[in-house]
2 protein chains.
Amino acid sequence: MSDLLERLRERGWRLTAQRRVVAEVLDGDHVHLTADEVHARAARRLPEISRATVYNTLRELVHRGEVLEVSTDGRAKRYDPNAHRPHHHLLCSRCGSMRDVRPTGDLLADLPPSQSFGFTVSEVEVTYRGVCPDCAG
Amino acid sequence: MSDLLERLRERGWRLTAQRRVVAEVLDGDHVHLTADEVHARAARRLPEISRATVYNTLRELVHRGEVLEVSTDGRAKRYDPNAHRPHHHLLCSRCGSMRDVRPTGDLLADLPPSQSFGFTVSEVEVTYRGVCPDCAG
DNA sequence: CCTTGCTTTAGATCCTGTCCAAGGTAGGGT
DNA sequence: ACCCTACCTTGGACAGGATCTAAAGCAAGG
Ligand SMILES: [Mn+2]
Ligand SMILES: [Mn+2]
Ligand SMILES: [Zn+2]
Ligand SMILES: [Zn+2]
């Protein structure tokens, strides 16, 4: 994720300890943390970091397309660093764990013009729900 | 919707004026009201009805599978009486208006076994986002 | 009718997320 | 190396959505 920070710095983003730590926390595959989880992990490395800064940083990363914001029902949104290859989500109805998935079909094409009601459709979001192997017992 | 109320009464649901009014408000096609919108409309007919009762009634209707709960990003959930024929949603990014849609493909089948990560997938929810004709100007 | 257990109600409370004013600091300019 | 200043961070207030509570109300079976 250090190339991410470098990229953003070149675009005029000030490189602060807080932003560095948030970026570190968000590194990895199948990472889908809530803002408060990001805050808790960031605070291990930088105890004074505030919730407001975590929210600010996440909002900017989302706005710049570096992080994906995934809204899950009524609960807290989750933040996903895997923003460069589009994908969808598989969500466990019991424990809430989340995996990235890549369906085969062209889901946008699955919506025929007769079903578009004059909308200019630009994006499709898919959530598959089920029970994960750990919860299956 | 009166058969709905009858059905529920037979299952031990007490028939109150409040529940009757909420059911009436939720009648129709392409109805996707927020809880507060339901409350506002219900209050026209029954001024003393409380927000808590609207929330309680909606929760129960959802729990009994008579109404669908649709969560839209950070905003208030919407309640959809069209629960008996499964469908997906087309959502305007600007004004938030919502339409029911029925994609052609088998979206569950679009998730190949190699992408299931051992989950027992039971449900798929799709949200198409775009700009509605009214907002297109 | 009565009774009883389910319902309703207002208001408190919780959770997520945003806003604010005050103080701090990255990093370009010198 | 040191300033400056525009940008950043902070804690706490705030807001909207939704749930919870305890007291009062009422549907409906007996
Ligand atoms: Mn993801
Ligand atoms: Mn619908
Ligand atoms: Zn699970
Ligand atoms: Zn619109």
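Atom set for the values below is all heavy atoms of this structure, side chains included, hydrogens, waters and symmetry mates excluded. To find a chain, count down the sequence lines: A is the first, B the second, and so on, and within it residues start at 1. Remember, predicted model here, so these are calculated numbers, not experimental data.
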Starting at the 5' end of DNA chain D and moving along, which residue's nearest nucleotide shows up first, B/A76 or B/L15?
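Its nearest nucleotide lies further toward 5', so the answer is B/A76.
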Could you check A/E60 against B/N56 and say which one's nearest nucleotide on DNA chain D is further toward the 5' end?
A/E60
Which of residues 33-52 of chain A have a heavy atom under 4.0 Å from DNA chain D?
A/E48, A/I49, A/S50, A/A52
Spacing between [X] atom [atom1] and [N] atom [atom2], to the nearest angstrom:
X: A/H63; N: C/dT18; atom1: NE2; atom2: P; result: 13 Å
X: A/L8; N: D/dC7; atom1: CG; atom2: C1'; result: 15 Å
X: B/D73; N: C/dT16; atom1: CG; atom2: P; result: 17 Å
X: A/R11; N: C/dG27; atom1: CZ; atom2: P; result: 16 Å
X: A/L5; N: C/dA26; atom1: CG; atom2: P; result: 15 Å
X: A/R75; N: C/dG17; atom1: CZ; atom2: C1'; result: 17 Å
X: A/R20; N: D/dC8; atom1: CZ; atom2: P; result: 14 Å
X: B/L58; N: C/dT7; atom1: CG; atom2: P; result: 15 Å

B/E24: which of B/R44, B/R45, B/R19 passes salt bridge (Lys or Arg N to Asp or Glu O under 4.0 Å):
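In the set B/R44, B/R45, B/R19, the residue that makes a salt bridge (Lys or Arg N to Asp or Glu O under 4.0 Å) with B/E24 is B/R45.
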If we only count heavy atoms from C-beta on, is the [X] to [Y] side-chain gap below 4.5 Å?
X: B/P81; Y: B/D27; answer: no
X: A/T34; Y: A/R75; answer: no
X: A/T57; Y: A/Q18; answer: no
X: A/L91; Y: B/F119; answer: no

Kindly say if [X] contacts the phosphate of [N], meaning a side-chain N or O under 4.0 Å from OP1 or OP2.
X: A/R19; N: D/dC8; result: yes
X: B/Q18; N: C/dT9; result: yes
X: A/Y55; N: C/dT18; result: no
X: B/T16; N: C/dC6; result: no

Under 4.0 Å between any heavy atoms, over every strand shown, what does A/T53 touch: base, sugar-phosphate, or nothing? Just pick one.
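If one applies the 4.0 Å heavy-atom cut-off, A/T53 turns out to touch a base.
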Checking side chain to side chain contact (heavy atoms under 4.5 Å, CB included) for the pair B/L33/B/Y79: CA distance, chi angles, key distance, verdict?
CA-CA 5 Å; B/L33 299 170; B/Y79 293 89; 5.7 Å; no
Quick check: any donor-acceptor pair below 3.5 Å linking the side-chain of B/R14 to the base of C/dC6?
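In this structure, the two groups form a donor-acceptor pair.
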Hey, is A/E66 close enough to A/R11 for a salt bridge, meaning N to O under 4.0 Å?
yes
